[in-house]
Amino acid sequence: MTFTGSAHTGQQLRVHPNLVEKSIPFTMEADSLNCCVLGEDVTPEQPEFALFIREVVREMTAKAGQKCTAIRRIIVPQTQIKAVSDALIARLQKVVVGDPAQEGVKMGALVNAEQRQDVQDNVNRLVQSGCEVLLGGKADLNAAGAFFPPTLLLCTQPDEVSAVHAIEAFGPVATLMPYQNSEHAMQLARAGEGSLAGTLVTASGALAREFILGAARAHGRIQVLNEESSVESTGHGSPLPQLVHGGPGRAGGGEELGGLRSVKHYMQRTAIQGSPTMLAAIGQQWVRGAQVAEDRIHPFRKYFEEIQPGDSLLTPRRTLTEADIVNFACLSGDHFYAHMDKIAAAESIFGERVVHGYFLISAAAGLFVDAGVGPVIANYGMENLRFIEPVKPGDTIQVRLTCKRKTVKRQRNAEEKATGVVEWSVEIFNQHQQAVALYSILTLVARQQGDFPA
C-alpha cells in the first residue's frame with residue numbers, strides 16, 4: 001500500500017488499527033522540503049560560492065521546479081544573506097520563461113493552470129506567514145500558458161515561521177533563510193522533518209563531517225559539493241541507480257528484505273556524495289583517490305596512536321627479471337606454464353612469460369616493509385587482492401602504501417599487550433603508472449596507552 005499526501009495524514013494512516021492488525025506493508029510519500037546549505041567557511045571570492053549559486057538556480061528552474069528533489073530551502077550564514085540574494089537575483093533575472101522551443105528560453109510552463117494556481121496559493125501562504133518576496137512571486141493567472149516566474153523568498157526568522165519548513169510551492173520557488181552558527185544550520189536542515197536530498201557546499205572536511213553527523217538523519221541523501229567534486233558531480237537531485245530512492249518518512253520504504261539487508265531496513269541510512277578527499281574527511285577513513293600525507297618517518301615506525309588515515313609511503317622501484325621468476329618457482333614449487341614454459345606462454349593470452357602473482361606480492365612487501373624492530377608486531381592478514389595487469393620480465397614496479405582505517409583491539413587483561421589493527425591500502429604500479437595489483441593488508445600495531453592504567 002502506498003500513500004501520497006501530507007506527513008500528518010500519513011502518520012495517522014501508519015498506525016491505523018487495520019494496517020497494524022493485518023501487518024499490511026505501508027509506504028508513505030509526503031512533501032519533501034529539500035535544502036541547500038552554504039558552509040560558514042565559504043565567501044563570495046571562493047569557487048564554492050559560485051557553485052552554490054549555480055546549484056540553487058538550476059534546481060529552482062529545471063522542469064520549472066516541479067521535481068520532488070528540487071531545492072526549496074536555501075540556508076546560508078547570516079553574514080552572507082545579501083551576497084547570496086544579490087547573486088541569486090542576478091542569475092534568476094536572466095532566466096527567460098516561455099516556450100522551450102524558442103531560442104533563448106530557459107524555463108517552460110508548469111503542468112497546467114490548476115498547478116499554477118496551486119503554486120500561487122502556496123506562495124501567498126508563505127508571504128502571509130512572514131516571508132518577503134525578493135523576486136517574482138506573482139503569476140498572471142489570466143495569461144495563456146501555465147507560466148510562473150522564478151520566485152525567491154526571504155524568511156529572516158526561520159525558527160519562528162514554521163510554514164517555510166512545511167509548505168511546498170511545487171514550482172520555481174525557494175526560500176532564503178539565515179543561520180547563526182553551524183548548530184543552527186543543522187537545526188534548520190532537520191526542520192523539514194525528512195527530505196529526499198540535501199546539499200552542503202563547503203571546502204572544509206571538518207565542517208562537512210560535523211554537518212553530516214548532525215543533519216544526515218533527516219535526509220535520504222546529502223551531496224557535499226566543493227570545487228574538487230564539481231567536475232564529476234551529478235547534481236543535487238539526480239538519482240543514483242545503486243541507491244534505494246527515498247528518505248526518512250518518505251518514499252523508498254517498500255524495498256526487498258533479506259539477511260542483513262532486513263536488519264538495515266530498520267536503521268536510518270544516508271548516502272554521502274562527494275570527492276574522495278571529502279569522503280575521507282567525513283568518514284575518518286581513507287578512500288582511493290583521496291589526498292595522502294607523507295613524511296620522513298616510515299609508517300611502520302609509528303605507534304597505533306600516531307598513525308592517521310591517509311598516512312602514506314611511496315617506495316623505491318624494483319625491476320623484475322627472469323632470474324626472479326626462476327628463483328621463486330624453485331622456492332615455491334609453482335612451475336605453472338605461464339611462468340616457466342616460454343613456448344606455451346607465448347601462445348597464451350599474455351604472449352610471453354609473466355611474473356608469479358604471489359612473487360609480485362612478496363616483492364612489494366620487500367619494498368614497503370621496514371625491517372627493524374618497531375611498533376608493528378605482525379602481519380594480520382590480506383584482503384580483496386586483485387591482479388589488474390600482467391607483469392613481465394623487465395617491468396619495473398613501485399608501491400604506494402596508505403593507511404585506510406584503524407581499529408582498537410581491547411585488552412582482555414593487564415598482562416596482554418595493548419594493540420590495534422591498521423588496514424593499509426597497497427597499490428602496485430608498473431613503469432607506465434598502471435596499477436598491476438590492488439589489495440589491503442592488516443598489521444597488528446602496538447599502542448602506547450593500554451586499557452588498564454598503570
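Quantities reported herein were computed from a predicted structural model and do not represent experimental measurements.
Contacts classified as ring pair (Phe, Tyr, Trp, His ring centres under 6.0 Å) and involving residues 276-314 (residues at least two apart or in different chains) are given here: His298-Phe300, Phe300-Trp424.
Separation of atoms CZ (Arg209) and CE (Met278) is listed at 13.0 Å; rounding is to 0.5 Å. With values rounded to the nearest 0.5 angstrom, Leu152 atom CG is found 10.5 Å from Cys131 atom SG. In this structure, the separation between CG on Leu176 and CG on Leu154 is 5.5 Å, given to the nearest 0.5 Å. Expressed to the nearest 0.5 Å, how far SG of Cys330 lies from CE of Met340 amounts to 6.0 Å. Going from atom CZ of Phe211 over to atom CD1 of Ile282 covers 10.5 Å, rounded to the nearest 0.5 Å. Put simply, CG on Asp395 and CZ on Arg318 are 13.0 Å apart, with the number rounded to the nearest 0.5 Å.
No side-chain donor-acceptor contact under 3.5 Å links Asp311 to the backbone of Glu294. Put simply, the side chain of Arg190 gets close to the backbone of Gly214: a donor and an acceptor are under 3.5 Å apart. The backbone N or O of Leu401 sits less than 3.5 Å from a side-chain atom of Ser312, completing a donor-acceptor pair. The closest donor-acceptor contact from the side chain of Glu423 to the backbone of Lys406 lies at 3.5 Å or more, if one exists at all. A donor-acceptor pair is defined here as one N or O able to donate and one able to accept, closer than 3.5 Å; such a pair exists between the side chain of Lys392 and the backbone of Phe350. Under the 3.5 Å distance criterion, the side-chain polar atoms of Arg386 are left unmatched by any main-chain donor or acceptor of Ile388. With Asn34 contributing its side chain and Ala70 its backbone, the two residues share a donor-acceptor pair below 3.5 Å. For the pair Gln273 (side chain) and Arg221 (backbone), a donor-acceptor distance under 3.5 Å is absent. Although no hydrogens or angles enter the test, the distance criterion places no donor-acceptor pair under 3.5 Å between the side chain of Tyr439 and the main chain of Glu427. A distance-only check finds no donor-acceptor pair linking the side chain of Glu48 to the backbone of Asn226 [under 3.5 Å].
Each of Ile75, Leu188, Thr175 was checked for a side chain to side chain contact (heavy atoms under 4.5 Å, CB included) with Pro158, and the lone residue meeting it is Leu188. Test Val391, Asp324, Val436 against Val355 for side chain to side chain contact (heavy atoms under 4.5 Å, CB included) and you get one pass: Val391.
Residues Thr321 and Pro393 fail the side-chain proximity criterion, which asks for heavy atoms closer than 4.5 Å. The shortest side-chain heavy-atom distance between Ser440 and Lys404 falls under the 4.5 Å cut-off. Looking at heavy atoms from C-beta onward, Val37 lies out of side-chain contact with Ile74 at the 4.5 angstrom threshold. By the 4.5 Å heavy-atom criterion applied to side chains, Leu200 and Leu225 are not counted as neighbours. With contacts defined as side-chain heavy-atom distances shorter than 4.5 Å, the pair His184/Asp159 qualifies. Side-chain contact between Leu153 and Val173: present, with at least one pair of heavy atoms (C-beta onward) separated by less than 4.5 Å. Annotation: side chain of Glu347 is in contact with side chain of Ile343 (closest heavy-atom distance under 4.5 Å). Side-chain contact between Thr199 and Gln223: present, with at least one pair of heavy atoms (C-beta onward) separated by less than 4.5 Å.
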Q.
Determine whether His339 and Phe336 satisfy the following criterion, side chain to side chain contact (heavy atoms under 4.5 Å, CB included), listing intermediate values before the conclusion.
A. CA-CA 6 Å; His339 311 305; Phe336 187 62; 3.6 Å; yes
Q: Could you give me the CA-CA distance, side-chain angles and deciding distance for Met177 and Arg73, then say whether side chain to side chain contact (heavy atoms under 4.5 Å, CB included) is met?
A: CA-CA 7 Å; Met177 57 190 75; Arg73 299 178 299 145; 3.9 Å; yes
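Ring geometry for Tyr358 versus Phe387: interplanar angle over 60°, hence perpendicular rather than tilted (30 to 60°).
Atom CD of Glu232 has 12 or fewer heavy atoms from other residues, nucleotides or ligands within 6.0 Å.
When all heavy atoms of Lys409 and Asp451 are compared, the closest pair comes out as O-OD2, 4.3 Å. In plain terms, the two heavy atoms of Ala203 and Asp41 that are nearest each other are N-OD2, 2.9 Å.
No side-chain donor-acceptor contact under 3.5 Å links Tyr337 and Lys342.
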